[in-house]
Amino acid sequence: MKNKQNIEKVPLIGQTLKEIVHLIQEMGFPKFRGKQIFQWLYQHRINEMNEMANVPNDIRQKLSSSFIIHPLQLNLHTKSDQEPTEKFLFTLQSGEDIESVLMKDGKRNTLCISTQVGCAVDCDFCATAKMGFQKNLTTGEIVDQYIHVQNMSSRPITNIVFMGMGEPFLNYKNVISAADLLNHPEGIQMGARRITISTAGVVPKIKQFAEEKHKYKLAISLNASNEPQRKEIMPITKTHRLNDLMEAADMYYQSSGRFPTFEYVLMEGINDSLRDAHELARLIGRQPCKVNVIPYNEIGGIYRRPSDDKIKSFLSQLKNVPFQVTVRWSRGTDIKAGCGQLAVNSDS
Ligand code: SAH
């Protein structure tokens, strides 16, 4: 097992300000040291305890005896030849691998992070689903993807999307505390509106997210224009019905005033007909939202990306709808870094 030498030590990344203050007080040191350590970890993104210049040596030594900084170890860094896209492969302390993707687009530098090893949702078209579910990532394992990638990137990361491997809302608690750490004013300070959490449609968690009034943006992978079609490609629809999903999306809008984004992965012969476009428009109706059409990234299975003409005519049917429609051409498909192409331990 990789990374084994540190397995008994607890990573500091992932601990909240409250937790760090608590552990520092337990060790018999004053409270304000906790805040200093928090800032070194998340603002200065140190790699060694010794870098904490204003923290006395005895505290650093005591910390080093029971703690390490990073829960993740970087194993592979791949760059696309065709686009400004990079993929990072990390190993957890327990030995599993996960991936993150960094995409540059104009002034935006967006990091796509994973929330689970594998995924239990089993969307038929997604490579991560083929791995099955292995485990939830800890808060630290989610946040550390950002810290490592930012440490290796010359430009600041401007946006974070929880759209890598896994279903964020089946790891709700850790995902929210990771977003809170990314957003923390004493730490990383990523604006809440620059953080997007994407779900395949775990309805009770969407409602909880709305009720708790989190400031992060919500994306919902709709991917179908009607319920039977969605059931075929996204079996989660059997548990959480399409009508309930649309109602939960509206609830999010009502309670936050923010538009949910519906992602619609366009697949040839599945959901790309002109009738689908009309049904999609009818399904959404006057719901305030944005729709993001994602031409499918092929993963060697039965699903295909529609031709450019087909994509254009699908979009042209949505010209006069009351919601904004954008197209997201996935980046980094040559290095299997596109949406739905993340699957470690297979052929990636
Ligand atoms: N589980 C979450 C987040 C991960 S998937 C969710 O479902 O939202 C991130 C996005 O990639 C989802 O919108 C999903 O529908 C899309 N996706 C999955 N496989 C894809 C593929 N092969 N090509 C294009 N998009 C894909």
Side-chain angles (χ1 to χ4, degrees), residues 85 98-101 103 110-133 136-137 142 145 160-172 175 178-179 195-203 205-206 209 216-225 229-230 232-237 239-240 245 248-249 252 260-268 270-272 280 289-306 311 326-344 346-348:
T85 299
I98 54 159
E99 291 180 324
S100 324
V101 179
M103 299 157 282
T110 302
L111 179 67
C112 174
I113 57 179
S114 293
T115 57
Q116 297 182 314
V117 183
C119 187
V121 174
D122 208 21
C123 301
D124 203 39
F125 49 84
C126 177
T128 308
K130 309 294 170 223
M131 294 171 63
F133 173 70
N136 278 333
L137 297 189
I142 299 171
Q145 297 170 61
I160 296 179
V161 293
F162 286 72
M163 293 186 189
M165 295 162 64
E167 167 47 45
F169 278 180
L170 291 181
N171 187 13
Y172 187 84
V175 161
I195 298 175
T196 302
I197 304 177
S198 180
T199 177
V202 185
V203 169
K205 293 297 174 190
I206 297 176
F209 183 74
Y216 313 115
K217 291 208 298 194
L218 179 70
I220 296 175
S221 299
L222 189 58
N223 295 344
S225 64
Q229 189 182 68
R230 195 170 194 270
E232 284 284 314
I233 54 173
M234 297 184 72
I236 192 174
T237 314
T239 317
H240 303 297
L245 180 59
Y252 165 78
T261 298
F262 289 114
E263 292 155 293
Y264 192 94
V265 178
L266 206 57
M267 293 172 265
E268 186 182 73
I270 304 287
N271 61 2
D272 66 339
L280 177 65
C289 69
K290 290 181 195 162
V291 170
N292 207 338
V293 173
I294 311 172
Y296 185 65
N297 299 316
E298 297 183 8
I299 58 166
I302 57 168
Y303 297 97
R304 297 276 168 266
R305 174 184 290 204
I311 297 171
T326 50
V327 190
R328 175 161 25 108
W329 295 96
S330 281
R331 297 174 171 274
T333 49
D334 60 324
I335 54 168
K336 292 199 179 147
C339 295
Q341 290 186 311
L342 303 185
V344 289
S346 60
D347 62 348
S348 64

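Hydrogens, waters and symmetry mates play no part in the numbers below; they use all other heavy atoms, side chains included. As the structure is a computational prediction, the values presented were derived from the model and not from experiment. For ligands, and for the atoms within them, numbers begin at 1 and follow the listed sequence.
If you look at E167 next to ligand 1, the close heavy atoms, those under 4.0 Å, come from the backbone and the side chain alike. The part of T199 lying near ligand 1 is the backbone, judged by heavy-atom distances below 4.0 Å. With a 4.0 Å cut-off on non-hydrogen atoms, V265 touches ligand 1 through its side chain and not its backbone. Counting heavy atoms closer than 4.0 Å to ligand 1, residue Y303 contributes nothing at all.
By the 4.5 Å heavy-atom criterion applied to side chains, T196 and M163 are counted as neighbours.
Taking every heavy atom of G166 and a limit of under 4.0 angstrom, the matching atoms of ligand 1 come to 1 (N), 2 (C), 3 (C), 4 (C). Under a 4.0 Å criterion applied to the non-hydrogen atoms of N223, ligand 1 contributes the atoms 15 (O).
Classified by interplanar angle (parallel below 30°, tilted 30° to 60°, perpendicular above 60°), the ring pair F125/Y303 is perpendicular.
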Show, in sequence, the C-alpha distance, side-chain angles and deciding distance for R230 and N223, and conclude whether the side-chain hydrogen bond (donor to acceptor under 3.5 Å, both in side chains) test is met. CA-CA 7 Å; R230 195 170 194 270; N223 295 344; over 6 Å; no

What do the steps show when you test Q229 against N271 for side chain to side chain contact (heavy atoms under 4.5 Å, CB included), and what is the final call? CA-CA 8 Å; Q229 189 182 68; N271 61 2; 3.8 Å; yes

Side chain to side chain contact (heavy atoms under 4.5 Å, CB included) for L266 and V327? Distances and angles first, verdict last. CA-CA 10 Å; L266 206 57; V327 190; over 6 Å; no

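Between the side chains of E167 and T115, no donor-acceptor pair is found at a separation under 3.5 Å.
Looking only at distances, a side-chain donor or acceptor of Q145 sits under 3.5 Å from a matching main-chain atom of S114.
Using 4.0 Å as the threshold, G164 has a heavy atom nearer than that to some atom of ligand 1. Taking a 4.0 Å cut-off on heavy atoms, A219 fails to register as neighbouring ligand 1.
On a distance-only criterion, P168 and ligand 1 share no N/O pair closer than 3.5 Å.
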